[in-house]
Amino acid sequence: MSAEHSESSAAAPPAPTDFIRDLVAQDVATQRYAKIITRFPPEPNGYLHIGHAKSICLNFGIARENNGQCNLRFDDTNPAKEEVEYVDSIATDVRWLIAGWADHCLGFKPKGAHPVAVTSNGRPDFHRAAVPPSTPSDQLPTASAEPFFASDYFDQLYEYALTLIRKGKAYVCDLSPADTDKYRGAPDQPGRDSPFRNRTVAENLDLFQRMKAGEFPNAARSLRAKINMTAPNLWLRDPLLYRIRHVPHHHAGDKWCIYPLYDYAHCLSDYLEGITHSICTLEFVDHRALYDWVLESLDLPRALPHQYEFAKLHIGYTIVSKRKLLQLVTEKVVSGWDDPRMPTLSGLRRRGISASALRTFVTSVGVTKFDSVTEVAVFENAVRNDLNPVAQRRLAVLKPIKLILTNIAADETIECDATNNPQDENSTTRKVALTREVLIESDDFAEVPPPKYFRLKPGGEVRLKYACIIRCDEVVKDASGRVTELRCTADLTTRAGGPNVDRKVKGTVHWVSATQSIAAEVRLYDRLFNVAEPGAEEDFLKVVNPHSLEVVTARLEPYLAPAKLEDRFQFERLGYFSLDAKDSAPGRLVFNRTITLKDTWAKK
RNA sequence: UGCCCGAUUGUGUAAUGGUAGCACAAACGACUCUGACUCGUUUUGUCUAGGUUCGACUCCUAGUCGGGCAGCCA
């Protein structure tokens with residue numbers, strides 16, 4: 001993806017503020033940490049979506065505003081759900097989103113590196129630092145650098161578990177999953193101690209080592225934190241730390257058959273990387289006590305990270321749930337994770353939306369603890385604002401109707417100057433050919449016009465953009481009564497440079513020459529869902545918009561033939577378009593409609 | 001009925017005891033060779049009830065409403 005135009009064309013917007021940045025600012029002021037380090041920690045079990053963009057911009061934004069660093073870390077502690085395909089797509093998407101903005105803050109580690117034993121404050125410690133900040137960010141990842149992986153910490157995590165056991169803070173439990181559930185109690189009902197809760201340290205050590213050695217089948221035993229089975233906070237009722245899972249891991253290989261759970265692995269991964277501010281979404285508020293318990297129980301030598309929570313991004317008419325997005329893919333409602341109708345970063349990118357538009361949008365919605373739903377209009381506004389100043393204007397007709405200019409000879413070509421971008425005062429122009437046979441949008445003609453219709457009607461006049469005013473003299477129909485062509489006369493005195501160039505008519509329409517234009521496939525996307533909150537639906541698949549994709553064969557001015565993937569166009573009066581990255585090829589143009597123009601007439 | 005989080009205009013967000021502001025949306029108007037852009041004008045708000053205070057969106061108390069939590073998922 002090319003030009004990050006928003007950075008060059010406008011002064012940097014004021015740095016956003018929110019309650020998390022305020023807390024970071026306090027920590028900076030009190031010099032609580034030597035350097036602010038955040039992290040973006042997706043589980044590689046799906047593609048990144050627009051909700052992740054909010055988290056990425058928050059974490060990288062805080063890093064860049066404080067001369068800090070933000071690590072990309074794969075939270076890959078559940079091999080059953082994770083795949084390398086997702087690892088690769090996530091790394092690509094993150095780098096695309098932050099390119100030219102915060103890539104100098106991106107923390108990667110030396111390839112294959114694990115935590116190393118160090119001495120911190122005079123005590124033994126483990127640490128996994130990023131590659132030196134001197135490494136040019138645009139060279140990451142390199143053959144020698146890669147993102148962080150929680151699975152690279154399995155050795156240390158295991159050591160920490162041994163420590164917890166020795167301190168009497170963890171025990172091996174033989175309860176079945178069903179019994180574990182029963183013993184946990186209920187929100188309004190205390191749990192009961194596991195019968196295995198008071199095993200000796202020696203016995204726990206032995207059993208845990210044998211768990212690791214693979215002596216027991218899946219789910220036969222688990223390692224649990226010994227906290228409080230009657231705690232009002234359910235996450236403190238002796239939560240599981242490790243489970244047995246005899247499956248290979250996409251990154252760690254087949255070395256392990258016990259895998260740590262999120263609450264145990266996440267806080268310690270943060271600690272190992274030297275994370276200072278661990279920012280996550282609201283559903284983890286209840287987990288914070290456990291996050292702190294694990295770190296504090298280990299009596300670690302360096303400053304501890306802290307967890308802060310904010311509200312997820314919800315957008316009207318959109319689904320942001322990895323599970324449901326996966327369902328759209330597997331049930332073939334869409335063509336894939338990168339279908340341009342998907343709210344995934346790869347889908348939005350393929351749709352023609354720039355990283356800067358996305359950043360502007362997710363930043364503009366703010367960061368709070370209020371569970372809100374942002375209207376799609378805000379997103380669409382950000383996309384249009386991003387495209388309007390840079391998109392090259394072109395003429396294209398999506399659903400043509402033929403028009404004969406009876407006073408122009410069949411072999412005549414009249415060259416007209418067309419502005420490439422009126423938003424740019426130094427805009428260049430190009431030539432478009434006016435010929436006897438012209439195509440206009442069928443929506444731009446009405447035999448029986450509604451009130452206040454500015455466009456072409458029998459006996460009416462309209463301007464062909466960049467050309468001249470025409471009058472509709474005759475409507476030609478076939479036997480079935482369908483309009484097949486319009487016979488019009490062109491008033492060539494209203495051309496640029498002509499004596500009547502200033503003559504006004506209410507309507508101006510776009511057009512292409514029927515003989516000097518090219519055909520192209522154009523994909524018109526509409527919202528994927530028909531209701532404002534598809535996620536709240538009992539079956540969200542029932543509210544899928546059946547008209548979310550319409551494919552037309554459009555006619556384009558020949559200037560569009562050499563279009564490149566990174567080019568952004570506005571087809572005048574229609575919307576913004578760009579080439580499809582997958583299906584377009586030289587000689588077979590396929591355009592995606594990124595977004596329509598605002599249309600206050602259509603609304604009426 | 002346990003614990004936790006939250007509530008500012010249609011939507012999102014700001015105001016950190018001192019003028020309730022901004023963006024989007026909506027309506028109207030100006031401009032217009034894009035019914036776009038741009039510009040102008042306008043409408044609508046502090047969940048409720050008490051309290052503290054010269055003064056409360058902000059602090060306190062009680063309530064109401066909404067959300068989250070009982071995976072060997074993250």
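In what follows, every chain begins at residue 1, and chains take the letters A, B, ... in the order their sequences are listed.
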Exercise. What does A/Q570 touch in the nucleic acid at a heavy-atom separation under 4.0 angstrom: a base, only the sugar-phosphate, or nothing?
Worked result: base

For this session: May I ask you to say what A/Y576 touches in the nucleic acid, namely base, sugar-phosphate or nothing, with a heavy-atom cut-off under 4.0 Å?
Result: nothing

For this session: Scan nucleotides 62-74 of chain B nucleotide by nucleotide, 5' to 3', and note B when protein non-hydrogen atoms come under 4.0 Å of the base, S if they reach only the sugar-phosphate, - if neither.
Result: -----SBBBSBBB

Seminar exercise, completed: With B for base contact, S for sugar-phosphate-only contact and - for none (protein heavy atoms under 4.0 Å), nucleotides 15-24 of chain B reads -B-------S

Sticking with atom [atom1], work out how far [N] lies from [M], rounded to a whole angstrom.
N      : M      : atom1 : value
B/rA23 : B/rA62 : P     : 39 Å
B/rC47 : B/rC65 : C1'   : 7 Å
B/rG18 : B/rC72 : P     : 48 Å
B/rG51 : B/rG17 : C1'   : 15 Å
B/rG68 : B/rG10 : C1'   : 26 Å

Problem set entry | Side-chain heavy-atom pair A/T494, A/R463 within 4.5 angstrom cut-off | yes

Seminar exercise, completed: A/F571 meets the ring-ring contact (aromatic ring centres under 6.0 Å, His included) criterion, sequence neighbours left out, with A/F577, A/F591

Seminar exercise, completed: ring-ring contact (aromatic ring centres under 6.0 Å, His included) filter on A/Y183, not counting sequence neighbours, yields none

Residues that [X] engages under side chain to side chain donor-acceptor pair (under 3.5 Å), provided they are two or more places apart:
X      : answer
A/H510 : A/E441, A/R573
A/D526 : none
A/E43  : A/N45

For this session: Using the six-membered ring for Trp and the full ring for Phe, Tyr or His, decide whether A/F370 stacks on the six-membered base ring of B/rA7 (centres under 5.5 Å, planes under 30°).
Result: no

Problem set entry | Pairs flagged by salt bridge (charged side-chain N to carboxylate O under 4.0 Å, His left out) wherever residues 222-249 of chain A is involved - sequence neighbours left out | A/R197-A/D238

Seminar exercise, completed: Quick note, salt bridge (charged side-chain N to carboxylate O under 4.0 Å, His left out) partners involving residues 77-87 of chain A, not counting sequence neighbours, are none

Exercise. Does A/R573 make a side-chain donor-acceptor contact with the base of B/rG35, cut-off 3.5 Å?
Worked result: no

For this session: Record whether the side chain of A/Q423 comes under 3.5 Å of the base of B/rU38 through a donor-acceptor pair of N or O atoms.
Result: no

Exercise. Side-chain N or O of A/S372 less than 4.0 angstrom from OP1 or OP2 on B/rU11?
Worked result: no

Distance-only donor-acceptor pairs under 3.5 Å for side chains of residues 188-196 of chain A, two or more places apart:
from   : atom 1 : to     : atom 2 : distance (Å)
A/S194 : OG     : A/F196 : N      : 3.0

Seminar exercise, completed: From the list A/L395, A/L398, A/V512, side-chain contact (heavy atoms from CB on, under 4.5 Å) with A/R555 holds only for A/V512

Exercise. Syn or anti for B/rG71, taking syn as within 90° of 0?
Worked result: syn

For this session: Let me have RNA chain B in dot-bracket notation, would you? Count Watson-Crick plus G-U wobble pairs, both distances under 3.5 Å, and use [ ] for pairs crossing earlier ones and | for inter-strand partners.
Result: .((((((..((((....[..)))).(((((.......)))))....(((((..]....))))))))))).....

Problem set entry | Parallel, tilted or perpendicular: ring planes of A/Y271 versus A/Y160, cut at 30 and 60 degrees | perpendicular

Just distance, no hydrogens or angles: give the donor-acceptor pairs under 3.5 Å from side chains in residues 371-382 of chain A, sequence neighbours left out.
from   : atom 1 : to     : atom 2 : distance (Å)
A/N381 : OD1    : A/N385 : ND2    : 3.1

